[in-house]
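To start, the structure under review is shown below, and the notes come after it.
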There are 2 protein chains.
Amino acid sequence: MVPDHDGAFAPTTEDAPSSSGFLDDGKNTIGSQLASRLREAIISGELQAGSKINLDKARKTFNVSLSPLREGLARLISDGLVEFEDNRGYRVSSISLANLEEITTLREEFEVFALRESMRLGDVEWEGNVMRALHRLNRTERDAARPETLERWEELHREFHLTLISGCGKPILLHFCRLLLNLNDRYRRVFLTRTSGDRNVSQEHSEIAQGAVARDLDYSCDMLRQHIHRTGTNLRNHLATKGIL
Amino acid sequence: MVPDHDGAFAPTTEDAPSSSGFLDDGKNTIGSQLASRLREAIISGELQAGSKINLDKARKTFNVSLSPLREGLARLISDGLVEFEDNRGYRVSSISLANLEEITTLREEFEVFALRESMRLGDVEWEGNVMRALHRLNRTERDAARPETLERWEELHREFHLTLISGCGKPILLHFCRLLLNLNDRYRRVFLTRTSGDRNVSQEHSEIAQGAVARDLDYSCDMLRQHIHRTGTNLRNHLATKGIL
DNA sequence: CCTTGACAGATAATCGATTATTTTGATAGT
DNA sequence: ACTATCAAAATAATCGATTATCTGTCAAGG
């Protein structure tokens, strides 16, 4: 605890990392922090799809040096949100109808597969996590007028889908699904501020989750597939409506 | 600036096009070249699975500075061959029985799915590419005594599997499959210098390819699934035999 | 006119040195 | 001996400056 004797200074290893006694859980290197900020900027649409990322400009915008900037961008490449070409720099991944349709198709295949495996292998803790994620999601309201609620909802929604498949015991598969979810969320964040009127998304989530913990494999998988498919269809319509592509 | 290109994962310049010598390699950046060299070093087992990658040592070994070294390593993270932790550096991804089994399972799911889509959507050019890849593979002999023939065979084998599914029109899916193939190849390179006696791998490849161009969906998919499964089983046995894990 | 090539400005890649963090090793107190 | 604490060494992260590459523009030649 408190150092008592002399010792010049006593920088008790855990020195104040930030003035407000902030929790120093994960945000460590500048590169990491940048990756988070950039990811949010891309998924939220703040950085336009397909646009070039000028290193000098970005460096000034974020007040960092090249090294951590490249570090952060490198991670977004793993996430599929940024593309890179030798000597030609980075650019935000483009969006397109074909891209959206592929994402939807792959989510239908992989996420459903992962859910089935989770139901087959998941333990009681997994069940608990699913119910908690469902509850938290359903208790959070989405108000198009207040962007911060949208952001919060997106986070919980993402968390729900990931929790649902977290019992599958397949790290690589989870990585793929997380990636697809990332890509998909960008489309929703940009094009869909509210759900289509004929859907009750909360109920859809509940049906999937309850079927899952009841180990009703075919039912739950079918519900999830439809859920994903409907979202894909909605997004496609909005894309077409807004004249993109 | 107007978005123009395809969506995420469109081109992913990844392959080392070293099939015909390496005279004109003055183009790539040091980072790119390093990525290739490191990838080969990891897949071939030269860099042991699970081992730490000391930046200083690597810097001296490869005679480069930190920046391109990090650049190269970052790409291998995308490939799943290297892991990274803030402030704790890089290490070669570990191998394990569970990991091998997941890779095999996912290949059975994804690669077969991609093959089915290729047969559904592939054009005549795709058919031609498949037959060419098959021919080149089958005409190349594998001699355990001469490592360079193994390397060459691996390259053509990889090429064959990728060509087979290249007609699916799904860049992201292809990216996933390429990644899984990478991971799988490391196991084969390290543990399997020759095929199990009861297999005729050339014939297996031929059956898959001919079924594919004949658009015999169920047959070809089934053959591919068995092909992948057998390789997985073989590898598992070798892993167990050699006392690993 | 159109093509070609060279120049200049913009941008990316790399380097060497500096700063921050983690790990190791030694010391003192119980 | 055992543990806790601090200092030194090892290692990773970052920076500022330099070098290499690309891109657009403009003039000379066809």
Side-chain angles (χ1 to χ4, degrees), chain A residues 1-19 22-38 47 50-78 82-93, chain B residues 1-2 4-5 11 13 24-38 47 50-78 82-92:
Chain A
M1 284 288 267
V2 181
D4 33 51
H5 302 299
D6 60 295
F9 1 73
T12 327
T13 54
E14 285 300 321
D15 201 28
S18 65
S19 48
F22 216 57
L23 196 53
D24 69 332
D25 52 349
K27 29 174 55 185
N28 268 330
T29 67
I30 298 182
S32 291
Q33 296 171 264
L34 258 186
S36 297
R37 293 176 65 182
L38 284 167
L47 281 177
S51 63
K52 186 138 181 13
I53 298 175
N54 183 304
L55 290 177
D56 248 356
K57 238 185 282 179
R59 189 174 65 72
K60 285 164 189 158
T61 304
F62 291 103
N63 260 67
V64 294
S65 189
L66 278 321
S67 320
L69 184 55
R70 280 169 162 276
E71 191 72 35
L73 285 168
R75 303 203 194 173
L76 296 192
I77 293 175
S78 299
V82 165
E83 288 163 6
F84 171 83
E85 203 176 346
D86 268 353
N87 287 322
R88 221 157 281 180
Y90 305 82
R91 61 175 53 230
V92 181
S93 295
Chain B
M1 190 160 287
V2 182
D4 42 15
H5 288 302
T13 316
D24 62 339
D25 60 1
K27 291 279 198 169
N28 292 338
T29 66
I30 298 180
S32 290
Q33 296 171 267
L34 259 186
S36 296
R37 292 176 64 182
L38 284 167
L47 281 176
S51 64
K52 186 141 182 11
I53 299 174
N54 182 304
L55 290 177
D56 247 358
K57 236 185 285 178
R59 189 173 66 74
K60 284 164 190 158
T61 304
F62 291 103
N63 260 67
V64 295
S65 189
L66 277 321
S67 320
L69 184 55
R70 280 169 161 277
E71 191 71 36
L73 286 168
R75 304 204 195 173
L76 296 192
I77 293 175
S78 299
V82 165
E83 288 162 3
F84 172 82
E85 202 176 346
D86 267 355
N87 289 321
R88 220 158 281 178
Y90 305 82
R91 63 175 54 233
V92 180

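Convention: sequence-line order gives letters A, B, ...; per-chain numbering from 1.
Residue contacts for Leu34(A): at a heavy-atom cut-off of 4.0 Å it reaches no nucleic acid atom on any strand shown.
When the C1' atom of dA13(C) is taken as reference, atom CD1 of Ile53(A) falls 17 Å away, rounded to whole Å. Separating the CD atom of Glu71(A) from the P atom of dC15(D) is a distance of 12 Å, rounded to the nearest angstrom. Rounded to an integer number of Å, the gap from CG of Leu73(B) to P of dA12(D) is 10 Å. We find that CG of Leu69(B) is positioned 13 Å from C1' of dC15(C), with the value rounded to whole Å. Per the geometry, NZ belonging to Lys60(A) stands 15 Å off P belonging to dC15(D), to the nearest Å. Between the CZ atom of Arg91(A) and the P atom of dT11(C) there is a distance of 13 Å, given to the nearest Å. Atom CG of Asn54(A) is separated from atom P of dT23(D) by 13 Å (rounded to the nearest Å). The interatomic distance linking Asn63(B) (CG) with dT14(C) (P) rounds to 14 Å, in whole Å.
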Tabulate protein N/O versus nucleotide N/O from nucleotides 16-21 of chain C, keeping only pairs under 3.5 Å, one per line.
unit_1	atom_1	unit_2	atom_2	d
dT21(C)	O3'	Asn87(B)	ND2	3.4

Which side-chain N or O atoms in residues 58-73 of chain A pair as donor and acceptor under 3.5 Å with protein atoms at least two apart or in another chain?
unit_1	atom_1	unit_2	atom_2	d
Arg59(A)	NE	Asp56(A)	OD1	3.4
Thr61(A)	OG1	Lys57(A)	O	2.9
Arg70(A)	NH1	Tyr90(A)	OH	3.3
Arg70(A)	NH1	Glu71(B)	OE1	2.8
Glu71(A)	OE1	Arg70(B)	NH1	2.8

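When each of Pro68(A) and Asp56(B) is assigned the nucleotide of DNA chain D with its nearest heavy atom, Asp56(B) is the one assigned upstream, toward the 5' end. Comparing Lys57(A) and Ile30(B) against DNA chain C, the residue whose closest nucleotide sits nearer the 5' end is Lys57(A).
Shown are Leu34(B), Val82(B), Ile53(B); of these, the side-chain contact (heavy atoms from CB on, under 4.5 Å) with Leu76(B) is made only by Val82(B).
Using a 4.0 Å cut-off, some side-chain N or O of Arg88(A) falls inside it from OP1 or OP2 of dT23(D). In this structure, Lys52(B) reaches the dA12(D) phosphate: one of its side-chain N or O atoms is under 4.0 Å from OP1 or OP2.
Under a 3.5 Å cut-off, the side chain of Arg91(A) and the backbone N or O of Gly50(A) do form a donor-acceptor pair.
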